[in-house]
Amino acid sequence: MAANSPAAAVKGVAKTLARRRQAVVGFLFALVVILVLHTTVVFGPFQPTNGNVIIQSPTGEQNARTSSPPASPASSVPNNSTQAALHDIENGQKDDATKKEGQTVKNDASDKMQAELIRQELDQDVKHGAPSKPICDLSDPRYDICEISGDARAIGTNRTVLYVPPVDERGADGPEWAIKDQSRKYLEDIMEVKVKTLSAAQSLVAPECTSKHDVPAIVFAMNGIIGNPWHDLSDVLIPLFITARAYDGEVQFLVTELQPWFVEKYRLILTNLSRYDIVDFNKDSGVRCYPHIVVGLHSHGDLDIDPARTPRNYTLLDFRLYIRDIFSLPSKGIGIPYKEANKKNSTDDNTTVTEKQKPRLLLINRGMSRKFVNLPEITAAVQAAGFEVLVVEPHRDMSLEEFARMLDSSDVLMGVHGAALTNFFFLRTNAVVLQVVGLGLEREAMHYYGAQAMKVMLQHVEYFIAAEESTLYEKYGKDHPAVRDPDSIHKQGWQGAKQYFWAEQDIRLNVTRFAPTLHQILQTIRE
Ligand SMILES: *[C@@H]1O[C@H](CO)[C@@H](O)[C@H](O)[C@H]1NC(C)=O
Ligand SMILES: *[C@@H]1O[C@H](CO)[C@@H](O)[C@H](O)[C@H]1NC(C)=O
Ligand SMILES: *[C@@H]1O[C@H](CO)[C@@H](O)[C@H](O)[C@H]1NC(C)=O
Ligand SMILES: *[C@@H]1O[C@H](CO)[C@@H](O)[C@H](O)[C@H]1NC(C)=O
Ligand SMILES: *[C@@H]1O[C@H](CO)[C@@H](O)[C@H](O)[C@H]1NC(C)=O
Ligand SMILES: *[C@@H]1O[C@H](CO)[C@@H](O)[C@H](O)[C@H]1NC(C)=O
Ligand SMILES: *[C@@H]1O[C@H](CO)[C@@H](O)[C@H](O)[C@H]1NC(C)=O
Ligand SMILES: *[C@@H]1O[C@H](CO)[C@@H](O)[C@H](O)[C@H]1NC(C)=O
């Protein structure tokens with residue numbers, strides 16, 4: 001049946017080039033954030049080369065593919081795509097015509113096909129030197145992506161996706177790509193999936209389908225640097241939302257390097273984006289045939305969505321509302337908990353003004369780096385300012401449903417710059433994200449969290465600590481460059497910045513200095 005998917009985003013090559021520069025900038029930031037957010041993890045070397053350099057996977061597993069160099073993207077992607085599209089239409093019509101001709105004698109068909117193939121092979125230099133459609137697009141600095149429409153066959157244990165072109169589009173040989181199927185194309189850990197257009201000869205002996213499916217499939221990797229909420233969302237879930245949401249669940253996921261904990265933790269999201277079983281692709285030895293296969297995930301920026309590049313103009317706000325919906329949190333119109341509670345009380349009873357429910361502040365304390373060293377003092381100050389305070393120390397295996405409900409019932413999410421703040425997606429519209437910004441993290445605060453919080457209709461408040469509130473001050477003294485002039489450390493490169501600002505720095509909040517920020521937030525909430 002023609003279970004045709006909603007129009008997958010058709011990305012013109014020209015459009016891609018136009019946003020290339022923006023994307024390069026994004027990519028550089030991405031490199032930074034990879035390192036930024038993982039202060040305790042040791043990383044392999046990065047390959048900052050912005051070309052089609054293949055990074056050899058160090059793990060020699062049974063699946064390891066031989067690193068055949070990918071087809072050069074420049075040469076395999078025709079640059080007059082309008083012409084290419086027209087060409088496709090012509091081919092389609094020709095297909096119909098051929099059918100009519102061959103209607104009487106069925107047995108002739110395969111002979112004719114053979115003859116056609118031979119003719120094509122002779123002809124192909126003239127007419128079919130290149131495939132009529134590019135399958136893989138390697139032009140984005142963040143991700144590579146392939147889109148196959150027609151006869152697409154996926155063989156998990158071979159990490160291979162094949163395209164069997166229609167008879168009249170087959171060539172003497174077909175291009176081949178090696179794709180890192182996630183949003184970080186330079187990450188060493190992400191292993192490649194081979195995508196290949198079969199040649200005329202190969203098409204004749206293409207592996208037979210062991211299962212046929214009516215819906216499209218998306219192949220993507222569930223490894224990389226996931227493991228904290230920022231990367232889980234920025235590297236996988238938001239790219240998956242961008243790539244899969246428009247299918248309304250009518251799509252199947254073929255997952256390489258499947259991580260059971262990730263599937264478990266994000267079950268609600270994954271099962272909504274696809275109503276079909278997730279396939280553990282590494283272990284899948286069948287030949288799965290689909291009308292459409294996407295290999296890789298689109299990604300637009302750090303924890304971000306560019307609506308102009310999504311099939312249905314999804315925004316990051318749509319993503320937040322979607323997530324809340326999936327987690328069965330109250331819908332769009334509802335106000336922050338404090339407003340809702342006191343709204344009810346004031347209509348019920350005008351005598352309970354003094355009994356009003358206090359606004360709730362959920363305080364995230366990081367376990368390892370960038371933690372609050374004077375937590376009791378801080379919680380006392382928050383309470384004294386008129387909040388109810390709830391302290392949470394998030395960890396990977398914590399139930400997301402439970403945490404989501406906690407966030408939904410909070411008016412303020414407070415934490416030091418770090419991945420746990422990503423949970424702001426569960427807050428209600430107009431709730432406050434209070435980010436405590438350590439030394440040397442001023443720009444990052446806005447780039448990785450602040451800008452996004454504002455995009456999704458939350459209020460973002462930054463508290464920039466004074467040098468004295470950083471434990472770097474106690475440790476190195478006021479004259480150390482990391483304390484006196486953090487920018488000078490940044491200028492010397494990533495290693496120093498990572499060590500001082502992300503790994504070594506804890507926060508001793510000066511509650512006297514902090515108090516006005518709390519009052520300001522209280523005011524905002526009461527407005
Ligand atoms: C195609 O690309 C080549 C190389 O970039 C360029 O010289 C040529 O003018 C382009 N042709 C069209 C039609 O854009
Ligand atoms: C553009 O495509 C058409 C049709 O495929 C081809 O004849 C023409 O040579 C191409 N032009 C360029 C500049 O590649
Ligand atoms: C998988 O790869 C192996 C080794 O290259 C090959 O022999 C086999 O035919 C492939 N399987 C399929 C179904 O194509
Ligand atoms: C996904 O969630 C939406 C609500 O946001 C719902 O309308 C839709 O039916 C769900 N789809 C699946 C496959 O569960
Ligand atoms: C939605 O996206 C499409 C395709 O990018 C674009 O043409 C259209 O103008 C957008 N509509 C809105 C309302 O932004
Ligand atoms: C309303 O006021 C009462 C005290 O009279 C308080 O216990 C309650 O939390 C407030 N909010 C709601 C929603 O009832
Ligand atoms: C408020 O409560 C008092 C005492 O219960 C009552 O006399 C008064 O009419 C109420 N006012 C309003 C506006 O409901
Ligand atoms: C805390 O902040 C207050 C107000 O800015 C300031 O007067 C005081 O010196 C600070 N305390 C310390 C220990 O830095």
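Positions are given from 1, in the same order as the sequence printed here.
- Here Ile218 contributes atom CD1 and Ile145 contributes atom CD1; the two are 8.0 Å apart, rounded to the nearest 0.5 Å.
- Side chain of Lys371 to main chain of Met368: a donor-acceptor pair is present (N/O by atom type, distance under 3.5 Å, no hydrogens or angles).
- Two residues are said to be in side-chain contact when any heavy atoms from C-beta on lie closer than 4.5 Å; Val215 and Tyr247 fail this criterion.
- Distance check, rounded to the nearest 0.5 Å: CD1 of Ile148 to OG1 of Thr197 gives 6.5 Å.
- Checked against the 6.0 Å centroid criterion, the rings of Phe424 and Tyr449 do not qualify as a close aromatic pair.
- Residues Glu257 and Gln259 meet the side-chain proximity criterion, which asks for heavy atoms closer than 4.5 Å.
- Nearest heavy atoms, Val295 versus Asp181: CG1-CB, 4.2 Å.
- Minimum interatomic distance between Leu421 and Met414 (heavy atoms only, all atoms of both residues): CD2-C, 4.5 Å.
- Considering Lys185, Arg309, Lys180, Arg184 in turn, Arg309 is the only one that fulfils the salt bridge (charged side-chain N to carboxylate O under 4.0 Å, His left out) rule with Asp140.
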Problem set entry | Tyr290 and Gln252: CA distance, side-chain angles, deciding distance, side chain to side chain contact (heavy atoms under 4.5 Å, CB included) verdict | CA-CA 10 Å; Tyr290 295 89; Gln252 184 158 43; 2.7 Å; yes
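- Among the candidates Leu273, Leu400, Ile226, Thr271, the single residue satisfying the side-chain contact (heavy atoms from CB on, under 4.5 Å) test with Tyr266 is Leu400.
- Donor-acceptor pairing under 3.5 Å is lacking for the side chains of Arg370 and His417.
- Looking at Val195 and Tyr163, their side chains never come closer than 4.5 Å, going by heavy atoms from C-beta outward.
- Glu402 and Arg405 are not joined by a salt bridge, as no carboxylate oxygen comes within less than 4.0 angstrom of a charged side-chain nitrogen.
- A salt bridge links Asp302 to Arg142: one of the charged nitrogens lies within less than 4.0 Å of a carboxylate oxygen.
- Ring centers of Phe319 and Phe425: under 6.0 Å apart, within the cut-off.
- No donor-acceptor pair closer than 3.5 Å links the side chain of Asn313 to the backbone N or O of Pro307.
- The CG atom of Leu316 sits 6.5 Å away from the CG atom of Leu303 when rounded to the nearest 0.5 Å.
- A side-chain donor-acceptor contact under 3.5 Å links Asp306 to the backbone of Ala308.
- Between Glu393 and Arg366, the closest heavy-atom pair is CG-C, 4.4 Å.
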For this session: Walk me through it: do Asp411 and Arg360 pass the test salt bridge (Lys or Arg N to Asp or Glu O under 4.0 Å)?
Result: CA-CA 5 Å; Asp411 302 286; Arg360 175 190 276 184; over 6 Å; no
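- In this structure, Thr210 contributes its side chain and Val287 its backbone to a donor-acceptor pair below 3.5 Å.
- Between Pro207 and Ile155 there is a side-chain heavy-atom pair separated by less than 4.5 Å.
- Looking at Trp494 and Trp502, their side chains come closer than 4.5 Å, going by heavy atoms from C-beta outward.
- Between Val236 and Leu297 the shortest heavy-atom distance is O-CD1, 4.0 Å.
- Under the 4.5 Å side-chain criterion, counting only non-hydrogen atoms from C-beta, Pro175 is not in contact with Ile135.
- A ring-centre distance under 6.0 Å is found for His490 and Phe501.
- Within the model, atoms OH of Tyr448 and CZ of Arg443 stand 10.5 Å from one another, a figure rounded to the nearest 0.5 Å.
- Taken from CG in Asp235 to CE in Met222, the straight-line distance is 12.5 Å, to the nearest 0.5 Å.
- Although no hydrogens or angles enter the test, the distance criterion places no donor-acceptor pair under 3.5 Å between the side chain of His460 and the main chain of Val432.
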Exercise. Checking side chain to side chain contact (heavy atoms under 4.5 Å, CB included) for the pair Thr256/Arg159: CA distance, chi angles, key distance, verdict?
Worked result: CA-CA 8 Å; Thr256 54; Arg159 301 187 74 86; 3.9 Å; yes
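- Expressed to the nearest 0.5 Å, how far CD of Gln459 lies from CG of Asn430 amounts to 5.5 Å.
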Exercise. Could you go step by step and tell me if His300 and Asp304 meet the side-chain hydrogen bond (donor to acceptor under 3.5 Å, both in side chains) rule?
Worked result: CA-CA 6 Å; His300 301 159; Asp304 207 359; over 6 Å; no
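- For the pair Gln505 (side chain) and Gln499 (backbone), a donor-acceptor distance under 3.5 Å is absent.
- A donor-acceptor pair is defined here as one N or O able to donate and one able to accept, closer than 3.5 Å; such a pair exists between the side chain of Thr243 and the backbone of Pro239.
- For the pair Gly174 and Ser199, the tightest heavy-atom approach, listed with the atom from each and the gap, is N-CB, 4.0 Å.
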